[in-house]
Amino acid sequence: MFSHRWRFGWDRVSEVDLFADRHETSAETLSQAIRAAMSEEPDSDGSVLFGQLQGTVVGLRYYTGVVNQGEMVGLVRQPQNPYDRNAVMVANIYGNQVGHIKRELAAAMAYVMDNNLAKVDGVVHWGTKNKFTMPVMLSFWGREENKNAVIECMARRGYKLNTAGSLNQHKDGEKEAAESVGTPLLLHQKQALSWMCARENQSALPPFWEKRGELYYNTLTCFSTKDIPERVRGGILADDMGLVSDIHTCTYFTHICLHTLSSNCMLLPGFKSVKEKFDYAVMLEIFVYLFVCADVESSIPDTVDDPSARTTLIICPLSVLSNWLDQFEQHVCANVKLNVYLYYGSERNRSKKFLSSQDVVITTYNVLSADFGNKSPLHGINWLRVVLDEGHIIRNPNAQMSKAVLGLKAQRRWILSGTPIQNSVKDLWMLLAFLRLKPFDVREWWYRVIQRPVIQGDRAGLQNLQTLVKCITLRRTKSSEVNGRPLVSLPEKTVCVEQVELSQAEREEYELARNEGRNTIRRYVLVCLYMLRQHCCHPDLLAKISSDLGATATPAELRERLIEKLRLVLASGSDEECSVCLDSVRLPVITHCAHVYCRPCIAQVISTEQNVARCPLCRSEIKTSELVEFPQEEMEEENGTSSEKWRTSSKVQALMGNLLRLRCEDSSIKFLVVSQFTRFLTILEAPLREHGFSFVRLDGTMSQKRRTQDSPAIMLLSLKAGGVGLNLTAASHVFLMDPAWNPATEEQCIDRCHRLGQTRKVVVTKFIVKNSVEENMVKIQRQKQDLVEKAFGSTNTDRKTSRIDDIKSLMEL
DNA sequence: ACCGCCGGGTGCC
DNA sequence: ACCGCCGGGTGCC
């Protein structure tokens with residue numbers, strides 16, 4: 001399994017890399033309709049492979065669908081099958097039936113599939129020439145929590161999922177990017193245009209298809225077919241908005257069309273050449289030619305083409321509708337009669353005959369989807385070309401708009417979008433489906449072959465995705481270059497920065513607000529971390545209080561609660577440090593601005609100020625009367641209330657396990673048990689007593705008499721108590737119950753027994769809770785040690801800032 | 001022989 | 001399917 005972060009990383013990487021280096025052109029073919037029935041939403045991203053199973057496809061003799069060695073097959077439930085309601089049909093990429101899964105296995109699979117416990121993939125590795133049955137390797141994928149249910153369910157019916165095997169059922173791509181078709185000597189527009197023209201007219205194979213003998217073979221799915229895979233006549237124009245104009249994509253689009261024409265010398269008689277002089281008026285004439293006069297090129301025989309189709313349908317968001325209209329109004333020459341119809345508003349002409357006699361019909365996504373399923377004239381017309389402006393709008397395949405767009409019949413399809421992928425790889429599917437890029441227009445195949453591998457971090461999958469996108473997309477940016485020269489020349493751009501000074505009054509208010517906010521957050525973060533650390537040791541260490549600061553609290557409320565939390569934290573034995581003496585806080589008090597100091601330290605600060613005393617940390621005004629302190633009684637009371645009923649914790653268990661084992665090995669060994677939470681030491685007393693360990697506490701809470709009684713087996717030590725010079729060489733095994741911020745503190749502690757006078761080997765055991773702040777603290781300790789080794793002597797200010805960095809890295813910010 | 005055995009017909013779901 | 005299964009033909013060795 002990959003961690004969440006890792007997966008996310010890949011998702012993002014793909015987004016970035018997909019469009020890198022995209023000014024190269026490529027020639028593939030296009031496709032026409034493939035409307036396969038299987039387009040259930042794959043319950044995507046968290047899928048893991050449960051296991052695999054060798055199954056049997058039966059009834060081959062009754063169907064025409066054939067498969068190649070290694071070919072992926074689809075498994076489709078047929079609940080309506082008259083012979084068996086559990087039937088599972090097996091089909092190849094084009095949806096041709098190959099056979100059925102044999103009955104008993106189908107019964108087991110039906111349950112799993114119908115209850116959405118797993119998705120099942122099939123690949124036929126051998127036996128493809130069989131006449132009656134063939135083996136199929138079935139892979140079960142799904143969410144982790146369903147894994148056992150699926151394995152059990154299959155096992156109950158005698159099918160054992162092989163869970164051990166490797167999961168590389170993806171043979172990695174031998175696929176090279178399709179050959180570039182572009183002519184490097186062309187200007188970038190020409191390049192774009194020749195690309196567009198090529199996309200509408202060329203006959204090369206789509207990505208991942210190649211000719212093998214008489215057959216066309218898909219290298220990713222291993223499917224082959226006698227018929228040439230349908231071409232994708234169109235693609236995605238994803239040029240950066242700033243590249244050509246700031247007016248709108250439609251301008252750019254028409255722009256591109258202009259160049260397409262000029263570069264291909266396809267001007268109508270009577271049209272002037274536009275190679276040199278080029279303005280929008282001419283451009284639109286060209287647009288008219290390319291987009292309106294239908295048969296742009298007829299050198300390629302295409303049986304699917306409906307020669308009567310002449311209309312281009314443009315779908316755009318309402319907000320840009322007027323841009324398109326403006327473009328047409330401004331730039332269409334009077335001598336060109338171009339029928340442009342705006343299909344919008346309640347009075348719109350819904351006649352199919354009328355609409356299909358237009359040159360251009362413009363409408364919005366909303367109108368289209370409102371019409372869809374309601375005798376929509378738009379869906380009854382055979383369009384010459386459909387253009388989706390701001391095509392990323394339809395990235396959600398479940399949206400009505402998207403379904404409406406997919407239902408359009410067209411010979412050529414274009415998507416204009418500056419951001420074809422907005423959030424993740426998933427966004428791309430709708431675009432491919434709209435373009436009818438086989439076999440990915442069927443969701444299932446897209447998911448199996450591209451999306452899942454990419455999301456799970458498969459490099460080959462990512463590469464395939466890149467190849468795919470590259471083939472159908474044109475994307476350049478202002479900084480793109482062609483043959484070492486910038487793609488476009490823009491007027492020079494200068495960015496000036498003018499600095500503005502705040503007035504003194506403004507500055508003071510600003511600083512106040514900033515400190516207030518920053519310190520509140522810092523303190524709160526520290527408190528949260530502190531609580532997590534307590535959790536790692538024992539749940540009862542936490543004071544029982546409502547645990548959130550509330551999102552809607554006012555600053556004053558926030559402060560109140562913050563102070564309350566600090567009180568609780570300090571009351572349970574904190575290692576907070578005082579910013580005045582830089583030592584552990586003694587006699588802690590909390591200021592109104594929620595900072596903690598030793599009472600004598602802050603008292604001294606206040607007394608040295610003549611007028612207004614300010615907090616050393618945030619410079620808020622502080623008054624002696626507002627200091628909140630912790631009477632000794634309160635701390636003890638806290639002790640008493642939270643220990644209603646003793647219970648154990650994983651860390652307690654870990655310690656006891658070690659102690660019991662070591663005592664068996666050598667009963668003379670003496671232990672030092674160290675924690676920074678004195679209450680944790682108290683909690684430990686119970687099990688120690690229970691197992692007959694004699695112990696003393698060295699944190700001052702234990703009376704002097706008991707300390708001097710006969711030599712105990714265990715010494716319980718508070719990390720910061722005991723002071724310097726304590727000699728504990730009697731102990732030879734140290735248990736550090738929880739990590740300290742500062743590795744040096746731990747070192748000091750260990751040195752109390754690892755010093756002159758020690759006769760035994762010293763063993764130190766540190767307990768670190770897996771997958772918790774404690775692990776992160778250890779990392780930070782290590783970094784600190786590295787730092788210390790590299791450069792000696794860090795100042796106090798360094799210490800302060802690094803503390804904040806510690807917090808950041810702890811929270812993985 | 002109300003069996004066993006043989007060999008031809010047959011075959012998905 | 002170079003199987004399994006079914007049902008008709010057959011019947012000591």
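The figures that follow rest on heavy atoms only: side chains count, while hydrogens, waters and symmetry mates do not. First the proteins, then the strands, lettered A, B, ... as listed; each starts at 1.
- Taking atom OH of A/Tyr83 as the reference point, atom C1' of B/dG11 lies 14 Å away to the nearest angstrom.
- One atom, CG of A/Leu75, and another, C1' of B/dC13, lie 14 Å apart when rounded to the nearest Å.
- Taking the centre and axis of the six-membered ring of A/Phe434, the NZ or CZ atom of A/Arg413 falls inside the cone set by 45° and 6.0 Å.
- The pair A/Glu200-A/Arg385 meets the salt-bridge criterion, with a side-chain N (NZ, NE, NH1 or NH2) lying under 4.0 Å from an Asp/Glu carboxylate O.
- Nearest heavy atoms, A/Tyr447 versus A/Ser47: OH-OG, 3.3 Å.
- Atom P of B/dG8 sits at a distance of 23 Å from the matching atom of B/dG4, rounded to the whole Å.
- Going from atom OH of A/Tyr62 over to atom P of B/dC13 covers 9 Å, rounded to whole Å.
- For A/Tyr94 and A/Phe223, the ring centers are positioned less than 6.0 Å apart.
- One finds a salt bridge joining A/Arg348 and A/Asp371 here, because a Lys/Arg side-chain nitrogen approaches an Asp/Glu carboxylate oxygen to under 4.0 Å.
- Nucleotides B/dC5 and B/dA1 have their C1' atoms positioned 12 Å apart, rounded to a whole Å.
- Between the side chain of A/Asn81 and the base of B/dC13, at least one donor-acceptor pair of N or O atoms lies under 3.5 Å.
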Please tabulate, for the side chains in residues 145-161 of chain A, all donor-acceptor contacts under 3.5 angstrom to protein atoms that are two or more places apart in sequence or on a different chain.
| unit_1 | atom_1 | unit_2 | atom_2 | d |
| --- | --- | --- | --- | --- |
| A/Glu145 | OE2 | A/Arg143 | NH1 | 3.2 |
| A/Tyr159 | OH | A/Leu105 | N | 3.1 |

When you compare the protein's N or O atoms with those of nucleotides 2-4 of chain C, which come within less than 3.5 Å of each other, and at what distance?
none

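- A heavy atom lying under 4.0 Å from DNA chain B marks the following residues of residues 96-105 of chain A, by number: A/His100, A/Ile101, A/Lys102, A/Arg103.
- Base pairing of C/dC2: no nucleotide in any strand meets the Watson-Crick or G-U wobble criterion (both distances under 3.5 Å).
- B/dC13 atom P lies 12 Å from atom CZ of A/Arg61, rounded to whole Å.
- Checking side-chain atoms of A/Asp427 against main-chain N and O of A/Arg395 turns up no donor-acceptor pair under 3.5 Å.
- The aromatic rings of A/His379 and A/Phe372 sit tilted, their planes meeting at an angle between 30° and 60°.
- Between the side chain of A/Asn92 and the main chain of A/Val66, a donor-acceptor pair closer than 3.5 Å is present.
- C/dC3 and B/dC12: their C1' atoms are spaced 15 Å apart (whole Å).
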